[in-house]
Amino acid sequence: MMLSALREEVCAANVGLQRHGLVTLTWGNVSAIDRDSGRVVIKPSGVPYDQLTPASMVVLDLEGAVIDGTLSPSVDAPTHIRLYAAFPEIGGVAHTHSRYATAFAQACRELPCLGTTHADYFHGPVPLTRQLTRDEVDQQYEAATGNAIVECLEGTPALHMPGVLVPQHGPFTWGHTAEEALLHAVVLEEVAALAWHALALNSHPAGLPGHVLAKHHERKHGADAYYGQK
Ligand SMILES: [Zn+2]
């Protein structure tokens, strides 16, 4: 079977969406890319998470054609593929309709950076992508969603801001691997929940000062990072 290790990793990350409480029914998907072969491994469309197996994952080329697998891929595959094409440093993508992150997306609000938990993973407010035009929605909806995400990140390294909110839809996140894309989906949901509660207590919170934001991001991700074990 083609890419068996990557199939296992992608299957585990998709099951992880459910384990972490990020999905209702089958509303979420994770993929990963094998950069050597240019093949993308993604969840099959509409299959419940408890029925997923590594063998049921679908392998695509970068045009979206099925290379290996008997099931149809996630309908969001063109969005994932667009992100892989634009951001060579990423290896995994996750998409969910998780409750709090999607609430911000439906309210058409970026997710403000109100605390250090957020700053540890997302270098500033998690942005809201632009609305798609009628033509984009009619002709190439999922790829256009990916294009809008790429435009939104312009000038920002993808791993400094490993996620966005798509308006009236929900979050997309990414990382070095499928597992890290899942981790960022979990963190994004948690910081969205924290922001929701913080905004309920104070509708105009100060937001995290820029120097604290920089400190938290750099101690985990900068050239001189010191978080965790050596
Ligand atoms: Zn969706």
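Fair warning: this is a prediction, and the values are worked out from it, not measured in the lab. Because only heavy atoms are used, hydrogens play no part in the values below, and waters and symmetry mates are left out as well, while side chains stay in. Positions are given from 1 along the sequence.
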Worksheet item: Linking I/L/V/M/F/W/Y whenever any side-chain heavy atoms sit under 4.5 Å apart, do Val126 and Val150 land together?
Response: yes

Worksheet item: Would Tyr100 and Val23 show up in the same hydrophobic cluster when neighbours are defined by side-chain heavy atoms closer than 4.5 Å?
Response: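 Yes, it is one cluster - the side chains of Tyr100 and Val23 are joined through contacts under 4.5 Å.
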
Worksheet item: Could you go step by step and tell me if Arg109 and Leu128 meet the side chain to side chain contact (heavy atoms under 4.5 Å, CB included) rule?
Response: CA-CA 7 Å; Arg109 286 189 66 167; Leu128 187 74; over 6 Å; no

Item to complete: Hey, could you give me the OG/NE2 distance between Ser31 and His95, rounded to the nearest 0.5 Å?
Response: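 Rounded to the nearest 0.5 Å, the OG-NE2 separation comes out at 11.5 Å.
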
Worksheet entry | Inter-residue atom distance Phe172.CZ - Thr145.OG1, 0.5 Å rounding |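 OG1 of Thr145 is found 6.5 Å from CZ of Phe172.
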
Worksheet item: Among Asp68, Val10, Val59, Val40, whose side-chain contact (heavy atoms from CB on, under 4.5 Å) with Leu3 holds?
Response: Val59

Are any non-hydrogen side-chain atoms of [X] and [Y] less than 4.5 angstrom apart?
X	Y	result
Thr96	Glu189	no
His216	Val212	yes
Val93	Phe87	no

Practice prompt. Would you please classify the geometry between the His80 ring and the Tyr84 ring as parallel, tilted or perpendicular, with 30° and 60° separating the classes?
Written response: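 Aromatic pair Tyr84/His80 classed tilted.
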
Discussion item. Tell me whether the rings of His97 and Trp27 are parallel (<30°), tilted (30 to 60°) or perpendicular (>60°).
Written reply: tilted

Discussion item. I'd like to know whether the aromatic ring centres of His160 and His221 sit less than 6.0 Å apart in this structure.
Written reply: no

Would you say [atom1] of [X] has more than 12 non-hydrogen atoms from neighbouring residues, nucleotides or ligands within 6.0 angstrom?
X	atom1	answer
Arg99	CZ	no
Glu89	CD	yes
Glu180	CD	yes

Worksheet item: Can a donor-acceptor pair be found between the side chains of Lys43 and Tyr49 at a distance below 3.5 Å?
Response: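 Result is no, nothing qualifies.
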
Fill in: Intermediate values then yes/no, side chain to side chain contact (heavy atoms under 4.5 Å, CB included), Arg39 and Asp61
CA-CA 5 Å; Arg39 301 298 191 231; Asp61 67 17; 3.5 Å; yes

Fill in: Distance-minimising heavy-atom pair for Ala181 and Thr173
O-OG1, 2.9 Å

Worksheet item: Can you list the steps and then say if Leu183 with Glu179 is a side chain to side chain contact (heavy atoms under 4.5 Å, CB included)?
Response: CA-CA 6 Å; Leu183 169 79; Glu179 188 181 1; over 6 Å; no

